[in-house]
Structures are given as C-alpha cells and as structure tokens.
> 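The structure that follows is given in the form of structure tokens.
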Amino acid sequence: MAKVLYTFTIKKEAEVEEERTETIKNEAGEEVTRTYKEKIKKEVPVEIKINQPSRRQMQEADMEFSVEMSKCIRQGILTKAMLLNKYSDTGGLISDSDAKLMVDSADEIRDLQAKLTILNLKPESERVEEDVKKIDTLSAEIVRRRKTLIEKETSYITLFNHTADVKAQNRAILWYVLNLSFVKDGSKKDSEFEPLFPGKTFEQKEAAMFDYEESKDEIYEKCYTKLASVVSYWFFTSNVDTEEFDKIISEINGEEE
C-alpha cells in the first residue's frame with residue numbers, strides 16, 4: 001500500500017437522503033412516531049489524499065520531464081543555462097557571480113540527471129545494493145542542487161518563467177498531481193478512495209482534468225490549487241513535513257475566504 005504524503009478535506013454541496021422522524025395522530029387519535037426519508041441539499045465532506053510516489057513513479061515523472069525538456073528545446077525555447085550564458089555574455093540583467101552560480105548549478109543538475117537516467121534504465125530486479133545507493137544519493141543531490149538554484153533564481157523569476165526547464169518542471173509536477181491524487185466523496189454511500197483523475201495513461205488523466213475545467217467540477221475547483229501547491233513544495237524541497245503542508249493549505253484557505 002502506498003504511503004500517504006498528505007491529506008486534507010474540502011466540502012461540496014450534494015443531495016443526500018436523510019432519515020426524519022415526526023409525531024402524528026393515527027385514526028384512533030393516538031400519537032405515534034413515523035420515520036421517513038427525505039432528500040435534502042447539504043455540504044458534505046470530501047477527503048483528498050496525495051500519495052507519496054513510488055520509485056517507479058519518480059522514474060516515470062523524470063522521463064516526462066526529459067521528454068518535455070527535449071520538446072521545448074526542439075521548438076527553440078531556451079534552457080536556463082542558455083539564457084544565463086546569453087545574459088552573462090552581454091552583461092545584462094544578471095550579475096556575473098549570480099550568472100556563474102546558476103550556470104554551474106544548472107550544468108551540475110543536468111549531469112546528475114543524466115547519470116540518474118542511465119541508472120534507472122537498469123530493471124529493478126537486476127539492481128544490486130550499490131545501484132540503489134547510487135540512485136538514492138543522486139536523487140538527494142539533485143534535490144539539493146535544485147533547491148540552491150531556485151533560491152537564487154527567485155530574484156530573477158520573471159526572466160526564467162518561460163524557459164524549457166520551467167516548462168519541464170511544470171510538466172513533471174502536473175504528472176505527480178494527476179497520478180498521486182485520490183478522492184473519497186462523502187456524498188456517496190460506502191465511498192472508498194479512488195483516483196481523482198481517472199485513466200490509465202498520463203494523457204487520459206490530463207484529458208479528465210480538462211473535462212473538469214470545462215464543466216467547472218466543484219471538487220476539482222476546490223482542491224486543484226491545494227494539490228498543485230503541496231506537490232510543488234514537495235517537488236522542490238523533498239520535504240514531507242505535515243506542518244509545512246498545513247501552513248500551505250491554511251494560506252490558500254485564507255486567500256479563498
């Protein structure tokens with residue numbers, strides 16, 4: 001069974017059947033109690049669960065990242081490293097020291113990602129303990145370098161918004177959201193957790209998301225921002241601290257109110 005990264009609850013309006021009782025007089029004039037069922041509209045709880053990704057899922061998300069990155073580069077979209085080199089050469093908006101740090105970090109992340117991809121090509125059944133340790137070490141190092149890079153990039157966020165790296169990161173985060181999100185609808189009898197985005201493939205799940213957007217699905221509209229925020233925080237920090245996730249949800253709830 002998959003480990004849970006985080007859970008939270010939203011409410012939706014639904015028509016539910018509730019049991020009512022009332023006291024009436026029968027034909028003999030005696031007071032009797034009768035029970036009946038009535039359909040009413042009320043807010044019911046909907047539980048949202050985000051699972052922690054398995055090693056296989058992380059590999060699939062990394063593959064989606066690489067595919068999107070390659071696609072963007074083919075379309076002529078610059079990577080962060082290309083953009084940094086461009087501004088560094090022309091003495092533009094970025095200081096030399098910041099540009100060098102970000103170029104070096106981006107290069108290191110790319111090299112580490114390439115090594116990780118090669119290791120992940122080996123089937124899990126054929127991996128020895130040393131392979132597993134290398135994969136874990138590389139994954140942790142990528143997260144550390146990515147965090148350093150993001151902290152520095154914050155000052156230049158608008159500059160990097162449309163780079164191939166950001167588009168690939170957003171694609172990977174979307175992959176995680178669509179594959180790790182589950183819902184238990186309190187309006188359904190004996191409800192169990194089921195995928196929020198149905199489908200066997202990423203494309204099918206993405207199509208389900210687009211359908212939710214077009215139909216203005218109530219559950220989707222109330223939970224997607226929260227899902228994306230929690231998954232993004234985990235993606236960039238590798239932090240699984242429930243208190244941090246609670247803060248994120250509280251801030252979003254405050255904005256909504």
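Computed from a predicted structure; not experimentally measured.
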> What residues form a side-chain hydrogen bond (donor to acceptor under 3.5 Å, both in side chains) with Glu141, not counting sequence neighbours?
Arg144, Arg145
> Which residues pass the side chain to side chain contact (heavy atoms under 4.5 Å, CB included) test with Thr137, not counting sequence neighbours?
none
> Answer yes if Val128 and Leu119 sit in the same cluster of Ile, Leu, Val, Met, Phe, Trp and Tyr residues linked by side chain heavy atoms under 4.5 Å apart, and no otherwise.
no
> For Glu130, what residues pass the salt bridge (Lys or Arg N to Asp or Glu O under 4.0 Å) criterion, not counting sequence neighbours?
Lys134
> For Lys71, enumerate each residue passing the side-chain hydrogen bond (donor to acceptor under 3.5 Å, both in side chains) test, keeping only those at least two apart in sequence or located in another chain.
none
> Taking NZ, NE, NH1 and NH2 as the nitrogens, is one of them in Glu129 or Lys133 under 4.0 Å from a carboxylate oxygen of the other?
yes
> Could you measure the distance from the CZ atom of Arg55 to the OG atom of Ser139? Nearest 0.5 Å is fine.
7.0 Å
> Sequence neighbours left out, what passes salt bridge (Lys or Arg N to Asp or Glu O under 4.0 Å) with Lys184? Give chain and number order.
Glu47
> Does Trp234 form a side chain to side chain contact (heavy atoms under 4.5 Å, CB included) with Gln52? I'd like the steps, not just the answer.
CA-CA 10 Å; Trp234 166 83; Gln52 285 194 39; 5.9 Å; no
> Considering residues, nucleotides and ligands other than Glu243, do more than 12 of their heavy atoms fall under 6.0 Å from its CD?
no
> List for me each residue that meets side-chain hydrogen bond (donor to acceptor under 3.5 Å, both in side chains) alongside Tyr6, sequence neighbours excluded, and say none if there are none.
Asp246
> Which atoms form the tightest heavy-atom contact between Ala164 and Ile77, and what is the distance?
N-CG2, 3.5 Å
> Work out which heavy atom in Met69 is nearest to a heavy atom in Ala168; give both atom names and the distance.
N-CB, 3.9 Å
> Can you sort out the partners of Glu244 under salt bridge (Lys or Arg N to Asp or Glu O under 4.0 Å), two or more places apart, ordered by chain and number?
Lys247
> With sequence neighbours excluded, what pairs up with Ser105 under the side chain to side chain contact (heavy atoms under 4.5 Å, CB included) test?
Leu101, Leu149
> Rounded to the nearest 0.5 Å, what's the gap from CD on Glu64 to CD on Gln57? Could you check?
13.5 Å
> Please walk me through it: do Ile173 and Tyr176 pass side chain to side chain contact (heavy atoms under 4.5 Å, CB included)?
CA-CA 5 Å; Ile173 290 169; Tyr176 281 122; 5.5 Å; no
> By side-chain hydrogen bond (donor to acceptor under 3.5 Å, both in side chains), which residues pair with Glu206, not counting sequence neighbours?
Arg171
> For Phe245 and Thr7: C-alpha separation, side-chain torsions, deciding distance, then whether side chain to side chain contact (heavy atoms under 4.5 Å, CB included) applies.
CA-CA 9 Å; Phe245 294 145; Thr7 61; over 6 Å; no
> Quick check: does any side chain N or O of Ser191 sit under 3.5 Å from a backbone N or O of Asp185, one acting as donor and the other as acceptor?
yes
> Just how far is it from atom CD1 of Ile142 to atom CG of Leu116, taken to the nearest 0.5 Å?
4.5 Å
> Check for me, please, whether Val4 and Val183 land in the same ILVMFWY cluster - side-chain distances under 4.5 Å, paths through other members count.
no
> Considering only heavy atoms from C-beta outward, does the side chain of Met209 approach that of Val177 to under 4.5 Å?
no
> Can you get from Ile249 to Ile48 by hopping between Ile, Leu, Val, Met, Phe, Trp and Tyr side chains that sit under 4.5 Å apart?
yes
> For Glu60 and Asn179, run side chain to side chain contact (heavy atoms under 4.5 Å, CB included): C-alpha distance rounded to whole Å, both residues' side-chain angles, the deciding distance at 0.1 Å, then the answer.
CA-CA 11 Å; Glu60 291 178 12; Asn179 283 276; 5.6 Å; no
> Taking only distance into account, with no hydrogens and no angle test, what donor-acceptor pairs under 3.5 Å do side-chain atoms of residues 212-220 form with protein atoms, sequence neighbours excluded?
from	atom 1	to	atom 2	distance (Å)
Tyr212	OH	Leu196	O	2.7
Glu213	OE2	Tyr220	OH	2.9
Ser215	OG	Asp211	O	2.9
Ser215	OG	Tyr212	O	3.4
Asp217	OD2	Ile219	N	3.2
Asp217	OD2	Tyr220	N	2.9
Glu218	OE1	Glu13	N	3.4
Glu218	OE2	Glu13	N	3.2
Glu218	OE2	Lys222	NZ	3.0

> Asp111: which residues meet the salt bridge (Lys or Arg N to Asp or Glu O under 4.0 Å) condition with it, sequence neighbours left out?
none
> Please check if the number of heavy atoms outside Glu192 that lie under 6.0 Å from its CD is greater than 12.
no
> What class does the angle between the rings of Phe202 and Trp175 fall in, given that below 30° is parallel, 30 to 60° is tilted and above 60° is perpendicular?
tilted
> Examine Phe193 and Leu178 and state if one hydrophobic cluster contains both, with Ile, Leu, Val, Met, Phe, Trp and Tyr joined whenever side-chain heavy atoms are less than 4.5 Å apart.
no
> Check side chain to side chain contact (heavy atoms under 4.5 Å, CB included) between Thr163 and all other residues, then give those that pass, not counting sequence neighbours.
Lys80, Leu83, Phe160, Asp165, Val166
> Going from CD1 on Ile50 to CG on Leu227, what distance comes out if it is rounded to the nearest 0.5 angstrom?
5.0 Å
> Is the NZ atom of Lys115 crowded by more than 12 outside heavy atoms at less than 6.0 Å?
no
> Could you grab the distance from atom NZ of Lys205 to atom CG of Leu174, nearest 0.5 Å is fine?
11.5 Å
> Treating Ile, Leu, Val, Met, Phe, Trp and Tyr as nodes and any side-chain heavy-atom pair under 4.5 angstrom as an edge, say whether Leu138 and Ile118 lie in one connected cluster.
no
> Between Ile248 and Ser229, which heavy-atom pair has the shortest distance, and what is it?
CG2-CB, 3.7 Å
